[in-house]
Amino acid sequence: MGGHNSVQFSGIPQGKGPHAVGSMDFMSGPSNQGSFFRLYYPCAEGGNYEEPLWIPRKEYYLGLADTLKLNRFAVNFFLCYYFGSVKSPARWNAPFKPGEQYPLIIFSHGLGAFRTLYSAICIELASQGFIVAAVEHRDRSASATYYLQEKSPSDPGEPGGPTLEEVWLYNKILKAGEDEYPLRVQQVNQRAEECIRALDIILNFNAGKHTANLLPSDFDWNLLKDSIDVQRIAAVGHSFGAATAIKSLGRDSRFRCGVALDAWMFPLKDEIFSNIRQPVLFVNSEKFHWVNNILLMKKMDSTSIERKMITIKGAVHQSFPDFTFLAGYMVGKLFKLKGDIDPYVAMDIINDVTLAFLQRHLDLHKDFNQWDALIDGKGEFVMPGTNLDLPPAESEIPQ
């Protein structure tokens, strides 16, 4: 699985583990109270399966434009031109690979993102033998998302045509002077519920209880039966998704541990962290954080539960989503999609330290402990704790 001197190439990296990786979309409903996620999973070898488009619909470009507060037409043209043909390196709707029980990860995206933008992380985890459900949140924090609802009787459409219609939701942009905190509290609570709902649906499939998928797919869910290790479940997320993962830990003890990637802690500033009993790893970039954000993380310090924090030198907040691999140098620097560290090196560290922490706290019998030193912030491109100067009483984190 190599070290941190990755081969340089332009594109989203493929998984390095022993498993081929499949992906498919699942949506339950109808209504926005259902669940929507992309599933990444170990898949059967062989067969001719296409790779899915990385950004699957034009509406996501429009949502990104709104999030960036830029002209929809211009951003749609630019993103379609540069990224419209980019594919995610996973086999679309390939058969699930049964025969063993896999640990399960529920992944939560950041503010202004959506379910497909973290494919480098999700595909690597799936290639190493995890099932990963990347939830697309419907709390108006995604750039764009949609749900399906029954068509109105006044608009029946063509006879024999589809009975469901799409309803699109875009990122809620705060008005000038609007208090942000109440919105983010409402959103992080909804996001945690959506993570738990996805967990329930997947575990029902594991138990042989099926929920209908409203999206077209010939994926055979029967192969998932008894293929998930229900004692080995984790929550992982980036930014707002990291706060969501932490919130989910406090809501549901089925999550055995959590990994918070460059966590945005603002939505949790009034959280009672003593209610969270699971181990947590904070993986931070060097360029994103500020003192109060780190101090909120340090509120979770514990002498009895492992809580670790490391910082990746030269990394930026966008070192975690896939855009970092697809932008050229100038665009990458202009939009802060690239840091001073090579993006493939940064992603190797993100994935390796995540795998090491998951092995430790899910009691996996793998070789991910070869990266245990990263958990302690030991390595050329990492440091323990934070690069920020904290008040004296807060400068040390248990190691």
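Quantities reported herein were computed from a predicted structural model and do not represent experimental measurements.
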Problem set entry | Backbone N/O of Tyr146 and side chain of Arg138: donor-acceptor pair under 3.5 Å | yes

Exercise. How would you list, by chain and number, every residue that makes a salt bridge (Lys or Arg N to Asp or Glu O under 4.0 Å) with Glu306, sequence neighbours excluded?
Worked result: Arg360

Problem set entry | Minimum side-chain heavy-atom gap His317-Lys287 below 4.5 Å | no

For this session: Report yes if the side chains of Asn284 and Ile294 come closer than 4.5 Å at any heavy-atom pair, otherwise no.
Result: yes

Problem set entry | Test side-chain hydrogen bond (donor to acceptor under 3.5 Å, both in side chains) applied to Gln187 and Ser141, step by step | CA-CA 7 Å; Gln187 287 178 325; Ser141 68; 5.0 Å; no

Exercise. If you measure from the Lys or Arg side-chain nitrogens to the Asp or Glu carboxylate oxygens, is any gap between Lys247 and Glu271 under 4.0 Å?
Worked result: yes

Exercise. Quick check, are the ring centers of Phe107 and Phe37 under 6.0 angstrom apart?
Worked result: no

Problem set entry | Side-chain donor/acceptor of Asn387 to backbone N/O of Glu286, under 3.5 Å | yes

Problem set entry | Close side-chain approach of Ile105 to Leu358, heavy-atom, < 4.5 Å | yes

Problem set entry | Within-4.5 Å side-chain heavy-atom neighbours: Ile312 and Ile341 | yes

For this session: Could you label the plane-to-plane angle of the Tyr81 and Phe77 rings as parallel, tilted or perpendicular, counting under 30° as parallel and over 60° as perpendicular?
Result: parallel

For this session: Could you tell me whether Asp352 and Lys16 have a side-chain N and a carboxylate O separated by less than 4.0 Å?
Result: no

Exercise. Can you check whether Gln359 reaches Asp372 side chain to side chain, under 4.5 Å on heavy atoms?
Worked result: no

Problem set entry | Donor-acceptor under 3.5 Å (Thr116 side chain, Trp54 main chain) | yes

Exercise. Can Glu193 and Arg251 be counted as an ion pair, charged N to O under 4.0 angstrom?
Worked result: yes

Exercise. If you measure from NZ on Lys269 to CG on Leu295, what distance do you get to the nearest 0.5 Å?
Worked result: 14.0 Å

Sequence neighbours excluded and cut-off under 3.5 Å, please list the side-chain donor-acceptor pairs for residues 272-282, or say none.
{"from": "Gln278", "atom 1": "NE2", "to": "Leu249", "atom 2": "O", "distance (Å)": "2.9"}
{"from": "Gln278", "atom 1": "NE2", "to": "Phe255", "atom 2": "O", "distance (Å)": "2.9"}

Problem set entry | Near-ring test Trp168/Tyr60, centroid separation under 6.0 angstrom | yes

For this session: Evaluate the ring planes of Phe130 and Phe368, with Trp represented by its six-membered ring, and classify them as parallel (under 30°), tilted (30 to 60°) or perpendicular (over 60°).
Result: parallel

Exercise. Are Ile123 and Tyr49 grouped together when hydrophobic residues (ILVMFWY) are joined by side-chain heavy atoms under 4.5 angstrom apart?
Worked result: no

Problem set entry | Candidate pair Met383 and Lys313, rule side chain to side chain contact (heavy atoms under 4.5 Å, CB included), full reasoning | CA-CA 7 Å; Met383 62 178 290; Lys313 300 174 185 177; 4.1 Å; yes

Problem set entry | Separation of Leu148 CG from Asn32 CG (nearest 0.5 Å) | 11.5 Å

For this session: Name all pairs fulfilling the salt bridge (charged side-chain N to carboxylate O under 4.0 Å, His left out) condition that reach into residues 79-95, sequence neighbours left out, sorted by first residue then second.
Result: none

Problem set entry | Under 3.5 Å donor-acceptor, Thr324 side chain and Ser319 backbone | no

Problem set entry | Flag, side chain of Arg254 to backbone of Val230, donor-acceptor distance under 3.5 Å | no

For this session: Verify, without hydrogens or angle tests, whether Arg191 (side chain) and Thr244 (backbone) share a donor-acceptor contact under 3.5 angstrom.
Result: no

Problem set entry | Distance in Å, Asn171 CG paired with Lys69 NZ, rounded so as to fall on 0.5 Å steps | 9.5 Å

Problem set entry | Identified ring-ring contact (aromatic ring centres under 6.0 Å, His included) counterpart of Phe96 within the set Tyr102, Trp221, Phe205, Tyr40 | Tyr102

Problem set entry | Stepwise side chain to side chain contact (heavy atoms under 4.5 Å, CB included) test for Phe26 and Leu39 | CA-CA 7 Å; Phe26 176 89; Leu39 196 72; over 6 Å; no

Exercise. Distance from Leu355 atom CG to Asn369 atom CG, nearest 0.5 Å?
Worked result: 11.0 Å

For this session: Check whether Tyr170 and Phe73 end up in the same hydrophobic cluster, where Ile, Leu, Val, Met, Phe, Trp and Tyr are linked by side-chain heavy atoms less than 4.5 Å apart.
Result: no

Exercise. Would you say Pro56 and Arg115 make side-chain contact, with heavy atoms under 4.5 Å?
Worked result: yes

Problem set entry | Min side-chain heavy-atom separation Ser108-His238 under 4.5 Å | no

Problem set entry | Those residues that, when tested against Arg232, pass salt bridge (Lys or Arg N to Asp or Glu O under 4.0 Å) (two or more places apart) | Asp229, Asp363

Problem set entry | Glu178 CD: over 12 foreign heavy atoms closer than 6.0 Å | yes

Problem set entry | Residue pair Met347 / Glu124, side-chain heavy-atom distance below 4.5 Å | no

Exercise. For Ile228, what residues pass the side chain to side chain contact (heavy atoms under 4.5 Å, CB included) criterion, not counting sequence neighbours?
Worked result: Leu104, Ile131, Ile202, Leu203, Asn206, Leu224

Exercise. Can you list the steps and then say if Ser248 with Cys195 is a side chain to side chain contact (heavy atoms under 4.5 Å, CB included)?
Worked result: CA-CA 7 Å; Ser248 300; Cys195 288; 3.7 Å; yes

Exercise. What are the two closest non-hydrogen atoms of Pro103 and Leu364, and how far apart are they?
Worked result: CG-CD2, 4.1 Å

For this session: Using the ring pair (Phe, Tyr, Trp, His ring centres under 6.0 Å) rule, collect all pairs that involve residues 174-195, keeping only residues at least two apart or in two chains.
Result: Tyr181-Phe266

Exercise. Are any side-chain N or O atoms of Ser239 and backbone N or O atoms of Gly241, one a donor and one an acceptor, separated by less than 3.5 Å?
Worked result: no

Exercise. From Asn76 CG over to Leu64 CG, what is the distance, rounded to the nearest 0.5 angstrom?
Worked result: 10.0 Å

For this session: Using modelled atom types only, decide if a donor and an acceptor are shared between the side chain of His109 and the backbone of His137 within a distance under 3.5 Å.
Result: yes

Exercise. Is the side chain of Tyr118 donor-acceptor paired with the backbone N or O of Gly110 at a distance under 3.5 Å, no angle test?
Worked result: yes

For this session: List the steps, then state whether side chain to side chain contact (heavy atoms under 4.5 Å, CB included) holds for Ile12 with Val86.
Result: CA-CA 9 Å; Ile12 301 167; Val86 173; 4.2 Å; yes

For this session: Would you check if the side chain of Asn93 reaches a backbone N or O of Ser217 as a donor-acceptor pair within less than 3.5 Å?
Result: no

